[in-house]
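What follows is one structure encoded as structure tokens, with my remarks underneath.
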Protein chains: 2
Amino acid sequence: MDPHLLRTFVAVAREGSFSAAAQELGYTQSAVSQQIAALEADLGVPLLTRRPVAPTEAGTRLLEHAGPLLLRLAAVRTELTRLAAAPSARLAIGLTPLAATDRLAAALARLRADLPQLLVTLETLPTARALAGLATGELDLVLLDGIAAPTDPLHLPEADQTPGSVLMVAEEPLLLALPDGHPLAGRRESGLPELVDARWIDAPEAAVPLAALRAAAHTDGFRPHLRYQGTDPHALTALIAAGHGLAILPRRAVDPRLTGVPIGRPRLLHRTELRLPHPGTPAGRRLVELLSD
Amino acid sequence: MDPHLLRTFVAVAREGSFSAAAQELGYTQSAVSQQIAALEADLGVPLLTRRPVAPTEAGTRLLEHAGPLLLRLAAVRTELTRLAAAPSARLAIGLTPLAATDRLAAALARLRADLPQLLVTLETLPTARALAGLATGELDLVLLDGIAAPTDPLHLPEADQTPGSVLMVAEEPLLLALPDGHPLAGRRESGLPELVDARWIDAPEAAVPLAALRAAAHTDGFRPHLRYQGTDPHALTALIAAGHGLAILPRRAVDPRLTGVPIGRPRLLHRTELRLPHPGTPAGRRLVELLSD
DNA sequence: TACGGTTACGCTTTTCGTAATTATC
DNA sequence: GATAATTACGAAAAGCGTAACCGTA
């Protein structure tokens, strides 16, 4: 199970074509065919159907493992490279859409004082991409957000890839965002279970994703009636205000034109967490120190 | 970063010798030398010092990743092999020392009725070995125990290796086990933080490991005054009764000769969890069904 | 000097590309 | 019949073992 073979298998499965994968990876179609054949021979199972090219049952299982495996492989490589390489004067930061950036911004200002010619890059991206960025070394630092029980760290899919420091940056209450006239708007607080069958807007990049609620509440409810793919908080506010459905947001992100009802019963918080991989960059480590004060 | 090279590197680091690793893996000393050289060339960093043979800083980092990586690689292989192979009439179960086995025993009895000629094997082993056994296919099913917040699953080191089913088998209160005359014995309950600096017995195989308490309480207290390596509950009871120190146990495991004070404040429970890898064996799946009723 | 890791060298195996072949839509 | 995967084959590279070669206790 050479990583090389794994990589081409993933590419073929993603592209749905041997030739497309070959082009993508800089091989000939023949080489890819041979690699897949080698992998299937090694594992003793067909991994792909041909015409159309699609993963078999076994192939699907392998795909579930291949991603994390390749990511971790990349993570080791960056880790060791960083250990040896000259410290760079760059700090590439990845942010998930709802990450609380106040303390980060303040700390960055102080970091500027220490390292005037540091090039700081900020980029907003989904959680999975942020973790992948850490692994490949494209990012030096990420700020992730999600929901968690009071003192617990975030529960990330495919986590503990990159051992490193985890620093809690912010914890704030979760609010149910409602249009002003809504029947629930008068409530002092609301429990999550009673909201399972409400009319929900799934806005994975502008509010707490419904999938995260399902995971936290151990249920398969919270089904979306409307999905908003964008990141614009105003657009989401408008949708909620117009009565298209509800969403759950960290307090800070609830527009004043809406009513926010605290979520009570399962004690859950919106948590923002900084992750600095091992060993990190000098600027990253310094930033963590500044944030720890 | 061929898994082959990784495996060799791990062996060399563990043995502290190229020749010993070569013998262990069935290579010549020369081949091992070349493999390590290739790995170092690939990563661009020396991984081992020679004479004496010991991991460098970079080598240590690589070792931290190599274990999980190889384990996961093994897990995929078993998973795919199981998918293809004929269903075996074997059920190898791994148990961690404090796993609650009542429901398992009952379910096994009912399983016997369905599958009279099934060979069931039970084996007690540490958590890490149990997870490794699942990965390699030596075990079909494991019962793990640990401490966790009320509805949360166990937080395992190097977890989510093997995607599969997780079934909660038992949750029971944690008790502080005390000798009868102890000052704390009169208390109705006790909080964990106030116990950080007590006189502790670390009995990782006969009680909740102190390391688990440290992790759960986010502290580096709970330092052992005495360590008991065995698994015998009577021996531990004798040590506690003789005043050598305290230990925390699931309620069921506290000997009647001792006083058990419930742990209050951080709401923690002793949890026993069954893990069945994907796709598992037929007998394993049947057992999970029986346990789910 | 001896023990143990490295290097040189040759053989074998693997791997890839070109090109001919086959199979499916 | 065209598109796309497979197979055949030769060239290049990688991997391992034997054996000669250091470098350190």
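In this text, all values refer to a predicted model and were calculated from it rather than measured experimentally. Chain naming here is simple, since letters A, B, ... match the order of the sequence lines and numbering starts at 1 in each.
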The helix from C:dT1-D:dA25 to C:dC25-D:dG1: angle between terminal helix axes, five bp per end, to the nearest 10 degrees, reads 30°
Report yes or no: is there a donor-acceptor pair, N or O only, under 3.5 Å between the side chain of [X] and the base of [N]?
{"X": "A:Arg50", "N": "D:dA5", "result": "no"}
{"X": "B:Ser30", "N": "D:dT18", "result": "yes"}
{"X": "A:Gln29", "N": "D:dA4", "result": "no"}
{"X": "B:Arg51", "N": "C:dG4", "result": "yes"}

So A:Thr136 and A:Glu138, side-chain hydrogen bond (donor to acceptor under 3.5 Å, both in side chains) or not? Walk me through it. CA-CA 6 Å; A:Thr136 57; A:Glu138 291 156 40; 3.0 Å; yes
Between CG of A:Leu39 and CG of A:Leu5, what distance do you get to the nearest 0.5 Å? 5.5 Å
Would B:Arg61 and B:Glu57 pass as an ion pair if we require N to O under 4.0 Å?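 Judged by the 4.0 Å cut-off on N to carboxylate O distance, B:Arg61 and B:Glu57 do form a salt bridge.
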Backbone N or O of A:Ala11 within a donor-acceptor pair of the A:Glu24 side chain at under 3.5 Å?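 Absent.
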Would you say the side-chain atoms of B:Thr49 pair up with the backbone N or O of B:Pro52, donor to acceptor, closer than 3.5 Å?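 Between the backbone of B:Pro52 and the side chain of B:Thr49 there is a qualifying donor-acceptor contact (under 3.5 Å).
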In residues 3-28 of chain B, which residues come under 4.0 Å of DNA chain C by heavy atom? B:Ser17, B:Phe18, B:Ser19
Measure CG/B:Leu48 against C1'/C:dG4 and give the value in whole Å, please.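 For the pair B:Leu48 CG and C:dG4 C1', the rounded distance is 14 Å.
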Crowding at CD, B:Gln23 (>12 non-hydrogen neighbours, <6.0 Å): no
Near A:Arg129 CZ, under 6.0 Å, is it more than 12 heavy atoms from other residues, nucleotides or ligands? no
Tell me which residues in residues 32-43 of chain B put a heavy atom below 4.0 Å from DNA chain D, sorted by number, or none. B:Gln34, B:Gln35
Carefully, step by step, assess A:His65 and B:Glu79 under the rule side-chain hydrogen bond (donor to acceptor under 3.5 Å, both in side chains). CA-CA 10 Å; A:His65 288 276; B:Glu79 194 173 320; 2.7 Å; yes
Is there a donor-acceptor contact under 3.5 Å linking the side chains of B:Gln34 and B:Ser30? yes
Which heavy atom of A:Leu236 sits nearest to which heavy atom of A:Ala207, and what is that distance?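 Residues A:Leu236 and A:Ala207, closest heavy atoms: CD2-CB, 3.8 Å.
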Check each of B:Leu287, B:Leu95, B:Leu167 against B:Leu141 using the side chain to side chain contact (heavy atoms under 4.5 Å, CB included) test, and report the only one that passes.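 That would be B:Leu287.
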